[in-house]
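Written out below as structure tokens is the structure these notes cover.
Remember, it's a predicted structure, so these values are computed and weren't measured experimentally.
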Amino acid sequence: MTDVASSAENELGIRACTISRDVQLFDLLIEDMETLLGESWGDLGFTEAMNFLHQPEATKLEFVALAIDDTDEENLDVITAIVNTAKGNNIKVMLIAEDVSPAALHGLLKAGADEFVPYPLPEGELAAAVERLNKPAPEPIPMVQENQVRLKSDGDGVLVAVQGFAGGTGATTFAVNLAWELANIDKDKSPRVCMIDLGLQFGSVSTYLDLPRKEIVVELLADIDQVDEDSFAQALVSFEDKLQVLTAPSDLLPLDMLGPQEVKKLLDLAREHFDFVIVDMPPALTMWTETVLTEAQVFFAMVELDMRSAQNTLRFKRALQSEELPFEKLRFVLNRAPKFTDLQGRSRAKRMAESLGIQIDLQLPDGGKQVTQACDHGIPLATQAGKNPLRKEITKLAQSLFDVGRSDSEAA
């Protein structure tokens with residue numbers, strides 16, 4: 001580690017520097033900086049940084065790594081000024097944060113921080129972040145593009161949420177294929193369908209449909225208050241011109257980056273322009289789970305016939321009932337359900353539902369290897385294996401949802 005001010009005078013070739021209250025609090029950052037840059041980096045405190053960034057030597061820096069924790073939120077004005085000063089000198093800013101509140105994180109990203117990396121640093125993440133910083137800036141996106149989704153504002157779409165109650169229950173597979181079946185349900189006039197991946201960290205809707213993750217998604221989520229119809233349309237990716245998808249961001253983001261109000265605005269915007277909005281939820285309770293549960297017309301809870309699903313369902317039930325939230329609104333879906341001839345398996349499923357005090361509304365058969373192959377190839381089951389038993393059941397459900405939605409629309 002080198003003192004930046006003296007090294008600039010001696011021209012030691014400093015390429016970057018850390019800025020923190022005390023860099024010794026971020027030992028993993030020190031190790032990664034040494035691995036990545038050797039001796040070609042320095043360290044500054046907040047006061048030193050403000051002085052140094054006004055000097056001509058500062059313009060030679062490739063980037064600064066601004067490391068903060070929750071204690072530093074008391075000096076948020078100073079830290080924001082550092083970000084503004086660095087950006088004013090065309091120095092890229094990497095924000096490394098530990099236990100920082102979403103509000104503080106939003107403010108610094110809006111101030112101009114180029115990259116966000118959570119601390120403790122995941123292995124290789126600093127090098128990957130630096131590589132992203134060095135990529136040339138993308139060309140500005142025009143307000144109207146030939147392939148941009150054109151939205152129509154004419155209604156209040158049906159909101160369908162899907163959440164898995166244990167890892168590997170097939171929630172995303174179910175949500176993706178339900179959205180695709182709805183988008184193709186009527187040859188003459190299929191409904192407009194939008195899918196939103198709220199798995200901000202490990203969402204895989206884009207993988208299952210082989211879609212790119214747009215960088216603009218991070219900007220949209222970071223500043224939802226400013227989102228309008230045009231910016232929302234730019235963030236969507238079209239799958240075969242029938243299904244519009246808001247993918248998960250390309251970088252890992254904290255689940256509490258979004259609050260209930262931000263999620264509600266996003267859902268309201270989608271429902272205003274689409275007939276059906278399918279939301280793939282993360283496998284965790286968040287501060288905005290209640291928002292989605294309240295807003296959704298249908299909330300599917302994916303479970304399997306195992307102890308994990310039973311225990312997690314019981315925890316979820318207790319959590320909702322303790323907050324007086326509508327647990328009865330959940331529609332339980334048993335994936336990989338026992339076959340009709342498996343009397344012992346069907347008896348187990350019945351006992352599980354009775355012991356948990358729930359009703360299993362839908363039982364989906366095991367689709368076998370064809371389901372995994374379709375997900376790996378990034379195509380819906382309808383394309384990969386149209387006669388798959390799982391696809392047939394999802395098609396029936398999509399038809400049921402479409403019929404109910406059409407009946408409600410005609411009644412209105």
Side-chain angles (χ1 to χ4, degrees), residues 100-111 113 116 141 143-144 148-163 175 179 182 191-201 203 205-206 211 213-238 243-282 284-300 320 323 325-326 329 405:
V100 176
S101 68
L105 189 60
H106 287 180
L108 293 173
L109 290 172
K110 288 180 65 176
F116 162 70
I141 301 176
M143 290 302 295
V144 178
Q148 179 178 314
V149 180
R150 288 175 171 80
L151 303 181
K152 295 181 180 179
S153 177
D154 60 357
D156 186 16
V158 176
L159 179 61
V160 179
V162 180
Q163 180 163 5
L182 280 170
R192 295 163 298 164
V193 182
C194 174
M195 184 162 193
I196 299 177
D197 190 348
L198 285 182
L200 304 185
Q201 296 180 332
V205 170
S206 62
L211 295 173
R213 300 181 186 230
K214 288 187 175 182
E215 294 294 335
I216 195 176
V217 173
V218 178
E219 300 175 17
L220 180 143
L221 296 176
D223 197 12
I224 286 185
D225 289 339
Q226 304 301 320
V227 172
D228 56 14
E229 179 180 307
D230 291 331
S231 56
F232 180 60
Q234 290 178 24
L236 295 175
V237 184
S238 179
L243 174 63
Q244 311 307 324
V245 182
L246 182 68
T247 69
S250 54
D251 298 324
L252 293 179
L253 298 179
L255 292 176
D256 58 359
M257 181 177 180
L258 295 178
Q261 294 301 319
E262 289 86 354
V263 170
K264 186 177 187 308
K265 178 170 182 178
L266 179 63
L267 298 179
D268 287 345
L269 188 61
R271 293 175 62 193
E272 183 181 352
H273 298 93
F274 292 92
D275 300 310
F276 286 92
V277 178
I278 312 298
V279 178
D280 188 28
M281 297 286 285
L285 276 175
T286 68
M287 66 175 69
W288 38 265
T289 298
E290 176 186 350
T291 304
V292 181
L293 177 62
T294 303
E295 296 293 321
Q297 277 77 26
V298 186
F299 195 110
F300 289 116
L320 293 190
E323 298 293 331
L325 297 177
K329 194 172 185 177

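Note that CG of Leu269 is 7.5 Å distant from OG of Ser231, once rounded to the nearest 0.5 Å. With rounding to the nearest 0.5 Å, the separation of SG in Cys194 from CG in Asp275 is 11.0 Å. A distance of 6.0 Å separates CG of Leu221 from CE of Met257, quoted to the nearest 0.5 Å. Separating the CD1 atom in Ile196 from the OG1 atom in Thr247 is a distance of 11.0 Å, to the nearest 0.5 Å. For the atom pair CG (Leu246) and CG (Leu266), the distance works out to 6.0 Å, reported to the nearest 0.5 Å. Atom CG of Leu267 and atom OG1 of Thr294 lie 11.0 Å apart (nearest 0.5 Å).
Judged as a salt bridge (Lys or Arg N to Asp or Glu O under 4.0 Å), and not counting sequence neighbours, Glu262 has no contacts.
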Determine whether Met281 and Trp288 satisfy the following criterion, side chain to side chain contact (heavy atoms under 4.5 Å, CB included), listing intermediate values before the conclusion.
CA-CA 10 Å; Met281 297 286 285; Trp288 38 265; 3.8 Å; yes
Go through Asp268 and Glu295 one step at a time and tell me if the side chain to side chain contact (heavy atoms under 4.5 Å, CB included) criterion holds.
CA-CA 9 Å; Asp268 287 345; Glu295 296 293 321; 4.1 Å; yes
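Scanning all heavy atoms of the two residues, the minimum distance from Ala248 to Gly199 falls at CB-O, 3.3 Å. The minimum heavy-atom distance between Pro254 and Leu200, with the atom names listed, is O-CD1, 3.8 Å. Nearest heavy-atom pair across Gln163 and Thr289 is OE1-CG2, 4.3 Å. Counting all heavy atoms, side chain and backbone alike, Leu293 lies closest to Lys329 at O-NZ, 2.9 Å. In terms of heavy atoms, Lys265 sits closest to Val227 at NZ-O, 3.6 Å. Scanning both residues, Ile278 and Ala175, for their nearest heavy atoms gives CG2-O, 3.9 Å.
Other residues, nucleotides and ligands place no more than 12 heavy atoms under 6.0 Å from the CD atom of Glu290. When the shell of 6.0 Å around CD of Gln201 is examined, it contains more than 12 heavy atoms from other residues, nucleotides or ligands.
Distance alone, capped at 3.5 Å, places no donor-acceptor pair between the Arg192 side chain and the Phe274 backbone. A donor-acceptor pair under 3.5 Å is formed between the side chain of Lys214 and the backbone N or O of Gln234. Formation of a donor-acceptor pair under 3.5 Å by the Gln244 side chain with backbone atoms of Val193 is not found in this model. In this structure a side-chain-to-backbone donor-acceptor pair under 3.5 Å is present from Arg213 to Pro249. With hydrogens and angles ignored, the 3.5 Å screen pairs a side-chain donor or acceptor of Asp197 with a backbone N or O of Val205.
Classification of the His273-Phe232 ring pair by plane angle, with boundaries at 30° and 60°, yields tilted.
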